[in-house]
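Heavy-atom basis, side chains included; hydrogens, waters and symmetry copies ignored. Keep in mind that what you see is a predicted model, and the values were worked out from it rather than measured.
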Amino acid sequence: KRKSRYAMLALIIGSNLPDADIVTALHGGVDYLKNHRGITHSLLGLTVLAVILACILYAVGRKVSPRKNSPPLSLKWLFIVCWIATAVHVLMDFTNQYGVRPFLPFSGRWYAWDIMPIVGPYLLVILILGLGLPVLLRLVSQEIGASKRASKTGRTGAIVALCAMVALWGLRDFAHRRVLSMLDSHAYDQQNPRRVGAFPSPLSPFEWTGVVETSSAYYLLDANALAGDVEPSTAQMLRKPPPSPALTAAEHAAAAKVFLNFARFPWAMVNATQEGFEVYIRDLRYASPRSSEWGFVLEIDLDQSLRVQHASFSFRRAKPVY
């Protein structure tokens, strides 16, 4: 805020601005999945958001009389702060398995580091302490009359918190690479892996859920980066469904195209009903071999003529019973 008035306000608003696309949830889960972390999370989009926010704050600031000894109002520095804020938001979204699409509208490809859970309690604690401890120390320092030293605690807390965040990323990246290597070093029911993925536990940086794809099935298993290896015999096997007209019809539905563009490990299940067929497609990035619930699942109902009657997306739902 020494560079420009409203710089702190720009940082706070800009850090949350890319998630303005949450309004698409009003149109239902499929539209939300299609648009969330879309153009507002791209390099082009975050730059446009930074320009808009900086211009608004600059226009408002010019109409407000500054207080005595206030810093100047600088459009250049407001834009720089807004761009940093929106860019860091996208960077932090990139660290989890949901990912971002940074090159929209030119490319819709998803990129994800896969090292952080969507809600990371350790990271929240680090950032809260980085903000809260300096405030507490400042209050204590003021009580004993050490105001000059207290003025430095905020910067120190921020530096320590950011260093701890980077250290946590480094630890999780190391553990992630180790687990991927262990998963890829085995055969599963005498089949070599086509692809492997490792997705984080929110509580331990060493606990991961492994997903392995072979030519005929997916395998879910727990993996610990501190262990010597994984045990393929403990994996939950999900066989890939055979080709069928019902599955083909479901995959051609508009909702399925959106979901399959997002899902990295899609596994489908087809069930015949009196009315037609129920088709479920799960993204196994959000699965667990121990959970009785399904995460990130698309349900498509077809009639006997294989016409789509209903399609819905759920972040979490109970496993259907037949």
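Counting heavy atoms from C-beta on, the side chains of Asp184 and Met182 never come closer than 4.5 Å. Residues Arg264 and Trp110 are not in side-chain contact: their nearest non-hydrogen atoms beyond the backbone lie 4.5 Å or more apart. A 4.5 Å side-chain heavy-atom check between Trp208 and Pro200 finds at least one atom pair inside the cut-off. The side-chain heavy atoms of Glu213 and Lys240, taken from C-beta on, include a pair separated by under 4.5 Å. Residues Tyr286 and Gln97 are in side-chain contact: their nearest non-hydrogen atoms beyond the backbone lie under 4.5 Å apart. When side chains are defined from C-beta on, Leu123 counts as touching Met92, because their heavy atoms get closer than 4.5 Å. Using a 4.5 Å heavy-atom threshold, the side chains of Asp189 and Met237 count as touching.
Trp267 is not connected to Phe262 by any chain of hydrophobic side-chain contacts under 4.5 Å among Ile, Leu, Val, Met, Phe, Trp and Tyr, and they are in different clusters. The hydrophobic clustering, which links ILVMFWY residues whose side-chain heavy atoms are closer than 4.5 Å, places Leu75 and Ile84 apart. Hydrophobic cluster membership differs between Leu43 and Leu104, with clusters built from Ile, Leu, Val, Met, Phe, Trp and Tyr side chains linked at under 4.5 angstrom. Under the 4.5 Å side-chain heavy-atom criterion for ILVMFWY residues, a single connected hydrophobic cluster contains both Leu49 and Tyr6.
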- Query: ring pair (Phe, Tyr, Trp, His ring centres under 6.0 Å) between Tyr98 and His36: does it pass, once the steps are laid out?
  - Reply: CA-CA 10 Å; Tyr98 199 108; His36 183 49; 5.6 Å; yes
- Query: Hey, mind stepping through Trp113 and Asn96 against side-chain hydrogen bond (donor to acceptor under 3.5 Å, both in side chains) and telling me if it holds?
  - Reply: CA-CA 6 Å; Trp113 196 356; Asn96 59 53; over 6 Å; no
- Item | ring pair (Phe, Tyr, Trp, His ring centres under 6.0 Å) assessment of Phe315 paired with Phe296 | CA-CA 4 Å; Phe315 289 103; Phe296 280 71; 5.1 Å; yes
- May I have the step-by-step check of ring pair (Phe, Tyr, Trp, His ring centres under 6.0 Å) for Tyr32 and Phe313, ending in yes or no? CA-CA 9 Å; Tyr32 178 77; Phe313 166 75; 8.1 Å; no
- Message: Show, in sequence, the C-alpha distance, side-chain angles and deciding distance for Glu207 and Asn224, and conclude whether the side-chain hydrogen bond (donor to acceptor under 3.5 Å, both in side chains) test is met.
- Response: CA-CA 5 Å; Glu207 296 289 341; Asn224 190 309; 2.6 Å; yes
- Checking ring pair (Phe, Tyr, Trp, His ring centres under 6.0 Å) for the pair Trp294/Tyr280: CA distance, chi angles, key distance, verdict? CA-CA 10 Å; Trp294 283 1; Tyr280 297 94; 5.7 Å; yes
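Annotation for Ala256 and Ala250: closest pair CB-O, 3.0 Å, computed over non-hydrogen atoms.
Sparse packing is recorded around CZ of Phe174, with 12 or fewer heavy atoms of other residues, nucleotides or ligands lying under 6.0 Å away. Counting non-hydrogen atoms of other residues, nucleotides and ligands closer than 6.0 Å to CZ of Arg195 gives a total above 12. Atom CG of Leu91 has more than 12 neighbouring heavy atoms from other residues, nucleotides or ligands inside a 6.0 Å radius.
Between the CZ atom of Arg317 and the CG atom of Leu298 there is a distance of 10.5 Å, given to the nearest 0.5 Å. Note that NE2 of His89 and CG of Asn16 are 7.5 Å apart. Values are rounded to the nearest 0.5 Å. Here Leu171 contributes atom CG and Tyr122 contributes atom OH; the two are 10.5 Å apart, rounded to the nearest 0.5 Å.
For the residue pair Trp169/Thr95, the side-chain donor-acceptor check at 3.5 Å is not satisfied. With no hydrogens or angles considered, a side-chain donor-acceptor pair links Asp303 and Gln309 at under 3.5 Å. Side-chain contact of Glu293 with Ser291: a donor-acceptor pair under 3.5 Å is absent, judged by distance alone. Using a 3.5 Å distance cut-off with no hydrogens or angles, the side chains of Thr40 and Asp21 do pair a donor with an acceptor. A donor-acceptor contact closer than 3.5 angstrom links the side chains of Gln191 and Ser216. For the residue pair Asp229/His186, the side-chain donor-acceptor check at 3.5 Å is satisfied.
Between Lys257 and Glu251 there is no salt bridge, since none of the side-chain N atoms of the basic residue sits less than 4.0 Å from a carboxylate O of the acidic one. Salt bridge absent: Asp114 and Arg285 never bring a charged side-chain N and a carboxylate O closer than 4.0 Å.
Listed by first then second residue, pairs satisfying side chain to side chain donor-acceptor pair (under 3.5 Å) with a partner in residues 69-79 number zero, not counting sequence neighbours.
Cation-pi geometry between Arg109 and Phe103 is not met: the NZ or CZ atom fails to fall both under 6.0 Å from the ring centre and inside 45° of the normal.
Although no hydrogens or angles enter the test, the distance criterion places a donor-acceptor pair under 3.5 Å between the side chain of Arg37 and the main chain of Asp93.
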